[in-house]
Amino acid sequence: MSLRKGEDVMGIFHKGKKDDKPNPVSLITMFNKRSVISEQCRTIRSNIRFSMVDKDLKSLVITSAGFNEGKSTVANNLAVVFADAGLKTLLVDADLRKPTADLTWALSRDEGLSNLLVDKTSNYENYVSKTKVEGLFVLTSGHVPPNPSELLGTERMQEILQTLTQNFDLVIFDTPPLTAVTDAQILASRTDGTILVVRERQRDKREIMLSKQLLDMAQANILGVVFNGTKASRDDYYYYGSKS
Amino acid sequence: MEEVVSLQEITLVLKKRMLLIFSMMILGVVALAGVTFFLITPKYETDTQLVVQSNQQTLTNANLQSDLTGNVMMVNTYKDLIKSDVVLDQVSLQLAKENGIQYTSNELNKMISVTQSQNSQMFSIRVISINAKEAMEIANKTAMIFKEKAVEILKVDKVSIISPAKLKTTPVSPNKQLNLLIGAVIGLILGVMIVFLLEFLDKTVKDTKFIENELELPILGEISVLSNKELQSSIFLNVLQKQGESFEFESSSEPRITKENEAAEKFNPIVEKQIELKTEDVEKVANKRRLRPRL
């Protein structure tokens, strides 16, 4: 189902980021539940639920057109608010190229999704970690493999996905950028819903359009867009949130 | 693809790039100041006032009105005479001889102007030069030569020099204040133009309008920018580092769906050891990765 080779076509659109080191993302929804952003995340959670009334939403892919748009932040924090709502949630770091979940949750990266994919006899329970957030579990990326797209496209992945969705209420996948590699497309085609994260003034409109086309080609169910990094409308939320 | 830009958006854009506009203004002032003070040679001006008494006055018609008008009109003739080669050649010659100032009659022509106040028989010879003293000498010499030539050629009665040219050492040009103001205005205009150009060339996603109208996807929500303080305090590793393992975070204020709790309990073979990182380990990880959190 690989529409394009998993090679890096970044050069077309961006001149390559200097800072390629992965960093932990903010878990603001966990540490400050009253902050504006936590409130915004809960709004997104509600909207996701509303957009999937007719069908059961068990798996969710969070992706974006390019790097640095806030995929991981959105994925992690959405996982937290979904767990807060009582769903047994699993966050899977499917970004096998630039993983962050291990850093974000202070977990080991040695064992994770890639190991699960390679070792056909292994059980997911050996790799999933419980977190301090009740009902939230994390599956880190595991060792960074040389062929992430191929791994994610295997039958084994399909199996894993099935087992996970059976055992969790919601599985959220944090994925690599769409315009760079095909990983997110593969996952999006196999999951119930896809969310595109777009950061304000970050990417060219063409790239966002292209991302949508890529998802459409993969027959992904695009639930909608999370618009990240806005500055203007922040004050509107202070009424409900607290100024922190 | 017509884009409607509201006044509000324009103000927002300008406000955001205020610094750029402001620095362009300062740049404009500095540039024009440089030109004004270092490149433009200051010019000095002086003038001498004359009046001509015509002897034909008595011969002509007694109509005072037309008489006066005639005299006023005569100033144009004097003006032409002053700027004619007859006078200027002589001025050029005498200046070179007596004052050691070398100007051709053509150059003098450009420096000299004759002005007349409205409906007056008086007129002045004005000289602009890069040298105040030269201006004065040229003005006085021209008046003198004109006096001789007018009597000789136009047969006028008498030419009186009412006030001879004085040495005026304050330059009349450049006008410093005006030039600086011009610099500021040019800078402002240029700055605004650059801002609009940048905005025009910026094809990134600027607002949700694009997503709704062109991408045709629903917006699930917006997330604000995290302040740096918020960011630092919400990085798990940072919290662990600060408080060891016994940190407490705000408990959820949300109602829980009960059946989910049971499900969580059933799920036990989870590797819990991984979360029990020792503080040193956390520090090691953190140092190794040189934490630079992001959103």
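The shown structure was predicted, so the numbers you read here are calculated from the model rather than taken from an experiment.
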Min side-chain heavy-atom separation A:Gln40-B:Ser224 under 4.5 Å: yes

Heavy-atom side-chain proximity of B:Ile235 to A:Phe31 below 4.5 angstrom: no

Heavy-atom side-chain contact between A:Val225 and B:Pro218 under 4.5 Å: no

Side chains of A:Asn228 and B:Val225 in contact at under 4.5 Å (non-hydrogen atoms): no

Under 4.5 Å from any heavy atom of chain B - which part of A:Val198: side chain

Side-chain heavy atoms of B:Val205 within contact of A:Phe227, under 4.5 Å: yes

Toward chain B, the part of A:Ile195 with a non-hydrogen atom under 4.5 Å: side chain

Heavy-atom pairs under 4.5 Å with chain A, option from B:Leu220, B:Asp202, B:Leu217, B:Leu215 with the top count: B:Leu220

Carboxylate-amine/guanidinium proximity below 4.0 Å for A:Arg201 and B:Glu199: yes

Note, B:Leu226 side chain near A:Ile37 side chain (heavy atom, < 4.5 Å): yes

Side-chain touch A:Glu200/B:Lys206, heavy atoms, less than 4.5 angstrom: no

B:Ile130, CD1 atom: more than 12 neighbouring heavy atoms under 6.0 Å: no

A:Lys212 NZ to B:Glu216 CD distance, which is reported to the nearest 0.5 Å: 5.5 Å

Stepwise side chain to side chain donor-acceptor pair (under 3.5 Å) test for A:Ser26 and B:Glu230: CA-CA 8 Å; A:Ser26 157; B:Glu230 278 175 320; over 6 Å; no

